[in-house]
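To start, the structure itself, in structure tokens.
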Amino acid sequence: MENRKRMTVVLSLTLIFIVAFTFQAQAGQTYKLGLSLAITGPTSDAGDPYSKGVEDYFNYVNDMKLLGDDKIDCTIRDDQYKTDITKRNFEDFLDQGIVFYLNYSTGSTLALKKDFDEEKMPTIPASFHAGNLVDSSYIFLPIASYSAQAIGLAEYVVNNHKGSTPKVAMFIHPSAFGRGPVSDVEKAVAAGLDMEIVEVVEHGKDLDNTAMLKRLNSKGVQYVISQTIQSPVATMLKDASRLGMVAKTFGEPPPTLSPRSPVQVRTPSWPWPRSTGVMIRLPTPIITPMALWWPRLLPKSFDAPRPGA
Amino acid sequence: MTTLSIDNVTLTFGGLNALSDVSMIIEPGLITSIIGPNGAGKTSILNCISGFYHPTAGEIRYGDRRLTHASPHQVTKLGIARAFQNLELFSGLSVLDNLMLARHTNLKYNFLQAMIYVGKASRLEAENRAYVEGVIDFMELEPYRNSTVGNLAYGIQKRVEVARALTLDPQLLLLDEPMAGMNIEEKEDVVRFIMDIIKERNTTIILVEHDLGVVMDISDYIHVLDFGEVIGSGTPEEVAANEKVIEAYIGED
Amino acid sequence: MSYFFQLVVSGIVVGSIYALAALGFVLIYKSSKVLNIAHGQIIAAGAFIAYALTGWVGIPIYISFLLSMVITFFLAMSVERIFLRRLIGEPIISVIMVTIGLMSIIDGLIFLTPFGSVNFSFPQFLPQELISFGGVSISWTQLVGVIVTVLMIGGFSWFFKKSTVGISMRAVSDDQFASMSVGISVPRVFGLAWATAGLSAAAAGGIIGNITGLNFETLQAFGITVFPVVILGGLDSILGAVVAGIIMGVIQQFASGYLDGNWGLNGTAEVLPYIILLIILLFKPHGLFGIHEIERV
Amino acid sequence: MSTNRWLATGNYFTSYQDEQRLFFTHLDRTILTMFLLLLFVWPLLFTLSNKYMLVIDNILIAVVAIIGLNIVTGFAGLISIGHAAFVGIGAYTVASFSRTLGDSHVIITHAWPLMIVLSGLTGAVFGAIVGLPAMRLKHLYLAIATLSFQMIFTWTINFLEFFNQGQTISISRVFWFTGKLGRKDHYLFWYYVLLVVVVLSGFMVRNLLRTRYGRCLSAVRDNDRAADAMGMHPGLTKVYAFGLAGFFAGVAGALHAYVYRGVGFESFTLHHSITYLAMAIVGGLGTLNGSFWGPAAIITLELQVETLAEHAGQILPSTWNLATALKPFSFGLVIVLFLMFEPRGIANWWRIVRSYTKLWPFRY
């Protein structure tokens, strides 16, 4: 379970922070935490399991007495991916006296950045958008930012590519979390990464990506780095394989259907990236959706440019 | 006093002539009736005059103003009002509001004054309200002043329709079958109102009506339409003697 | 040139799905003059039912598609029965608002299931080989989708023109009182209109689900994108729905094929349908094929 | 005029101007004045948590927006599925100043009343532009034109660099006579501003509705052909309705920008447009007091469901999905039930209560 593993990483780090920030606390105390995230609405395909993970994890922490006599009480609220509800939830959490805040979306993290600073409220967002860290001293990213991940991928492409400068396109979500890494990858390229970014595609809710793929092909794009949520990538992959671009996954293997289903999904030509970490090798393009959040995939040499640092 | 003249008006709907080459002159101060069998184009003429339809060919002039391409609200501003055949009331509003709407162009306060209300807006509202009350009085609508129009009886609604047209203070009043679907007593009421309008307000009236008895009794001048063409015009006596008219109404043999 | 034709072909594929979804709107509008805002949700429901039947119950996929159509048929019928039957005679605005409410209700119901937040995809049951001709390729899934769409639209047009029920549906749309007086049960016709719309929605849902995978957000968004199609076609014309669907599909493909990536534009396929819709409405206020009624006063 | 000016027992008007009065007795006027006074005074007596201050601010913002929506949809009968976009226009007016001048420029922090009015005017201009198709389009075609505007708005904000591509554009805290507002006073301060705006808009619209500028709206709703024959241009009247609605939406948007101290496109999506419609319906379309009931009811409902969801989540962890699904479900159910059983909205209950108290004990 990759999700679980990832969650564990995030949450252990969270825990360290909490302990670090509340060192003066007495034994047998209950720490209040707040998490506001999208359990319904856009991106709930990630938010829903995330909320369950958080809930289970803190239950685990309390049951296993990882904090000794201390307990963690984490209130989880659905914000439907809406910034104004997130803000309301945050104010509510403040009223309840939380000591640590967990946020979710990039948009709300950026919107509430000032509030975190004013309230001196340590925050870990589920969004690893590098821009979260700009002008803020209370937002923490427990793992590499999206930018760092994207640059890591770019380096992976460069290291494994044979021949002349690889031509790369970026397929991104039309929002801050998709757009954020683009400029950082561009910076890396400017700093000497041997790669050419041919085009940055901000996808919509397209039912068919033929046009986009054909266009990229005609521009000689060899790899596509994706930074977005699951379903657009899935649509694109299907179209890619239809257009004869052989798709290859790396990372987690695509899931199979229930054993009773009459047809099994064949790997790797018809992948459904359930986890967000899938890389596809087309005869030309490589498609890598967002969040290679596994540190093991990040090249050792990698040194993420931390914006603002 | 202004004369309405209709010159060679043709109105076509999808290749079908609703009116073909219709000409008539409406003299001021008279009751002019337009009669004819169903589908003869009576209402179409009124629609052309009041701007709901625009003639395909020909011209309509009111005094020296051309109405051929005017929209209804422009026509209304010239002092031509109309009562509709199939009630076109603001059925969700009260009788009072319906009539106040007819004073729309007379309420000459601006938006800011309306927002503040005290002062000019209030004064003008009261003045026009008084005018409306005059019409309510004239049309004997007092009991229904605050009732929602949609809930009133058909005959009353017809009367409100006429009252609303009157509230516009028209020089030329177009009445489209004001007596349709009424019984004898109600018809007599309407006839009385029409006669009063002519007498007290000195308004020109164009009447479209099916009831030949009424038309013959009260009209000063009659135009007879059939299949979109004028087949006879004249005083009631002349029309009654016109063979073509008799033919159209009674049919050949 | 093959680029151009590939765009056209993909556009037609997407467009025909639009047409099928638009058909559901047209069916309801034609008989009851109601624009069903919740149609996207019904499409999603149809697709999810088909998946649940095959993925969880284990029914063979073809049968589960048919079953989902039948279920959605009755589902839509009962929606009409429960929520809209009482509103016959109410102003159209409130009926449309009810469909907006329905949209939320169905959303809530879907969030009760895993479909609300998890992505699924239909098992593949069609050959994976591509059909290519002259540099233009199309998958079996898409081809079958188009064929089903054509069949359904053809069937519905025939149904409207020839069958007794179809004729009574047209009669009701023309004049409710007159049709009542000749013995047509107006509520039954409304129910039937919703039911058939549900049927076509399930078909559309199945096809989209096969092409893009089952993601609630995508299906919802699809329901909204169909609006410009319906309005462009003229609300009460099946032919209009087909033509407008294909126009929109092709336009979207052209937009992302020729506009995106140039002049700093991106995601134009999402906004262009609406811009074109506005422009066309300025010149043809009743859509391309809508009936322009002469107002009688 | 009746001799008892506190409890009139009947209609004693002696002039038409008498009849124009908003309050028929001193009692009515006193009750409203007391109520307004209470609204202004209560925060001084006890403090509410920030969350609930924000909720109340939010309700008041929605009230301003709904007054606008009620003008176009309730009174003029034109369905607008793009009201959130107009609110967004207002918010982004402030945001564009913040973008060009910097978020703590004097114009934004000191001249905020001006910014609010300016946003309203921008909203009005956009409203009128979007309303232009109303000159030719009718009914559903028009509704979809407003939907198109909503989509085009979202796209434009989302893709234009100037609007920070939909990411939050921050707005600085404003200054009052006492200096810069702190975090503590923020919501309270805006509560008062909002209250003033709401009361002003309420009276403004109440006055408009009894003049020709209000009557013409109902006229085009009920029968635009007859309206035409009354000498008003039905098309222009509709454009005016959209413009007026746009004004209130714009004001609401600017207030939203200030209260939330930032503008991001997520607050002005289609979903919000639909929520606004729901508020208008539940409150009562075509009534002024419905504009107050609707937002209060819908936002309270949302909070209640949230609390319920939380409790359910604590007792039965596995019901998380059940609990969160309740939100859209209850929202939709409320709209549908209101339309089915009380299409005139809460305003109708209010009317019933009022007419009951009017007759009580002996007024007739």
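Predicted, not measured: the structure shown is a model, and the values here were computed from it. Every chain is numbered from 1, with letters handed out A, B, ... down the list of sequences.
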> Side chain, backbone, both or neither: which part of D:Phe265 has a non-hydrogen atom closer than 4.5 Å to chain A?
Replying inline: neither
> How long is the gap from CG on D:Asn50 to NZ on A:Lys87, to the nearest 0.5 Å?
Replying inline: 9.5 Å
>> Can you tell me how far apart CD (D:Glu266) and CD1 (A:Ile85) are? Round to the nearest 0.5 Å.
In response: 11.5 Å
>> Please check if the number of heavy atoms outside D:Tyr192 that lie under 6.0 Å from its OH is greater than 12.
In response: yes
> Is atom CG of A:Asp95 surrounded by more than 12 heavy atoms (other residues, nucleotides or ligands) closer than 6.0 Å?
Replying inline: yes
>> Would D:Tyr52 and A:Glu91 count as a side chain to side chain donor-acceptor pair (under 3.5 Å) here? Give the steps.
In response: CA-CA 9 Å; D:Tyr52 284 100; A:Glu91 291 289 355; over 6 Å; no
> What residues of residues 54-64 of chain D sit under 4.5 Å from chain A when only non-hydrogen atoms are counted?
Replying inline: D:Leu54, D:Val55
> At their closest point, which heavy atom of A:Lys114 faces which heavy atom of D:Ser170, and how far apart are they?
Replying inline: NZ-OG, 3.6 Å
> Between A:Leu112, A:Asn89, A:Asp84, which has the largest tally of heavy atom pairs under 4.5 Å with chain D?
Replying inline: A:Asp84
> Do A:Arg179's NZ or CZ and the ring of D:Phe159 fall within the cation-pi criteria of under 6.0 Å and 45°?
Replying inline: yes
> How long is the span from the CZ atom in A:Arg88 to the NZ atom in D:Lys51, to the nearest 0.5 Å?
Replying inline: 6.0 Å
> How far apart are the closest heavy atoms of A:Gly107 and D:Thr168, and which atoms are they?
Replying inline: O-OG1, 3.7 Å
>> For chain A, which candidate among D:Met53, D:Arg173, D:His256 shows the most heavy-atom pairs at distances under 4.5 Å?
In response: D:Arg173
>> For a side chain to side chain donor-acceptor pair (under 3.5 Å) check, start with the C-alpha distance between A:Lys82 and D:His271, then their side-chain angles and the critical distance, and finish with the verdict.
In response: CA-CA 10 Å; A:Lys82 289 181 194 158; D:His271 186 96; 3.0 Å; yes
